[in-house]
Amino acid sequence: RAGQQLKERAPVGEAPTIQAEVDELRRRWNGLAANSLRRQQDLEDSLLKSGQFQDALKAMLEWLRAAKDSLAEERLWGDLDTVNRLNEKHKVLEKEQEARKATVDSVNDSAREMTDQKDPQTVSALEEMNSLWEEVGGLSKNRRSKLDDALKDAEKLHKDAHGLLEWLGTLDDGLRKWRSAPERIDDLHSRLSQLEHFKSQLAERRPDLDATLAHGKEILGKAHPDGEEPVKRLLRVLETRWEEIEASCLSREKRLDAQ
């Protein structure tokens, strides 16, 4: 998150370098998570192989309860970086699920071999484990579906908003070229004609602005807490930039009409 804030405040030329460093940090973090998962899996396998069934069952229950709690958040929308982070985090959970399926099967296999040694507490723990496994699986699939939709929305908002900002920047560059007053009547008429063209373009793209702002507000209605402020900031920047260009057109029109 700090990397994203730094990228937003940095000069345009430095943004790719910052993004590359953020991507490298994410790659290393995912590598650490994968190594941690392998070690945990090895530990659980060792517990079962050494006959420590209860410890393996307890470890599985602890993971399932934590996984269920982590899947409780339903507000998964936001800006592109936030949704990408949530998506990467969920991919780690999905890998953990895949890896732990073997542990669940092994625990159940071991339990079946303990025909006369299962006390009521163990039976209850096994039932909870299998119930939680199904519940976590359903919650995980539901989150995957939501994240896929959230990612599509975030990509569209990012593309549309930044496309408009880039276009507004081009208009602004054109307006800034008119620093000095035209000396000839032909130049005056030419500028007035260009200004009318700029105003016409703004009018034509106004529905695009309104649609992008509406889409952003729709995303805010279901945004993850981490994604709320970045989306609000993007919408503020877009709306303010549009108003600045409109005001610049009006100001130049008044000056040209006064000549």
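Nothing fancy with the numbering, it's 1 onward along the sequence.
For the residue pair Thr122 / Asp119, a side-chain donor-acceptor distance below 3.5 Å is found, with atom types taken as modelled. Residues Thr82 and Arg85 bring a donor and an acceptor atom of their side chains to less than 3.5 Å of each other.
Looking at heavy atoms from C-beta onward, Glu155 lies out of side-chain contact with Lys159 at the 4.5 angstrom threshold. Side-chain contact check for Lys58 versus Gln54: every heavy-atom pair is 4.5 Å or farther apart. A heavy-atom distance below 4.5 Å is found between the side chains of Pro230 and Arg233. When side chains are defined from C-beta on, Val92 does not count as touching Glu88, because their heavy atoms never get closer than 4.5 Å. Looking at Asp208 and Asp160, their side chains never come closer than 4.5 Å, going by heavy atoms from C-beta outward. Using a 4.5 Å heavy-atom cutoff, the side chains of Asn130 and Val104 are in contact.
Between Glu128 and Arg65, at least one side-chain N (NZ, or NE/NH1/NH2) sits under 4.0 Å from a carboxylate O, which counts as a salt bridge. Looking at Glu196 and Lys199, a side-chain N of the basic residue comes within less than 4.0 Å of a carboxylate O on the acidic one, giving a salt bridge. We find that Arg241 and Glu166 are not joined by a salt bridge, their nearest charged nitrogen and carboxylate oxygen being 4.0 Å or further apart. The pair Arg144-Asp148 meets the salt-bridge criterion, since a charged nitrogen lies less than 4.0 angstrom from a carboxylate oxygen. Lys156 and Asp153 are not joined by a salt bridge, as no carboxylate oxygen comes within less than 4.0 angstrom of a charged side-chain nitrogen.
With sequence neighbours excluded, the residues that form a salt bridge (Lys or Arg N to Asp or Glu O under 4.0 Å) with Glu246 are Arg206. Scanning for salt bridge (Lys or Arg N to Asp or Glu O under 4.0 Å) contacts around Asp149 gives an empty result, with sequence neighbours left out.
Residue pairs satisfying the ring-ring contact (aromatic ring centres under 6.0 Å, His included) criterion with at least one member in residues 131-159, sequence neighbours excluded, are listed as follows: His158-His162.
The local environment of CD in Glu73 is crowded, with over 12 non-hydrogen atoms from other residues, nucleotides or ligands closer than 6.0 Å. The environment of NZ in Lys89 is sparse: at most 12 heavy-atom neighbours from other residues, nucleotides or ligands sit within 6.0 Å.
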Could you check Lys101 against Gln97 for side-chain contact (heavy atoms from CB on, under 4.5 Å), going step by step and ending with a plain yes or no? CA-CA 6 Å; Lys101 184 179 187 307; Gln97 280 180 268; over 6 Å; no
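Nearest approach of Trp242 to Leu202, heavy atoms of both residues: CZ2-O, 3.2 Å.
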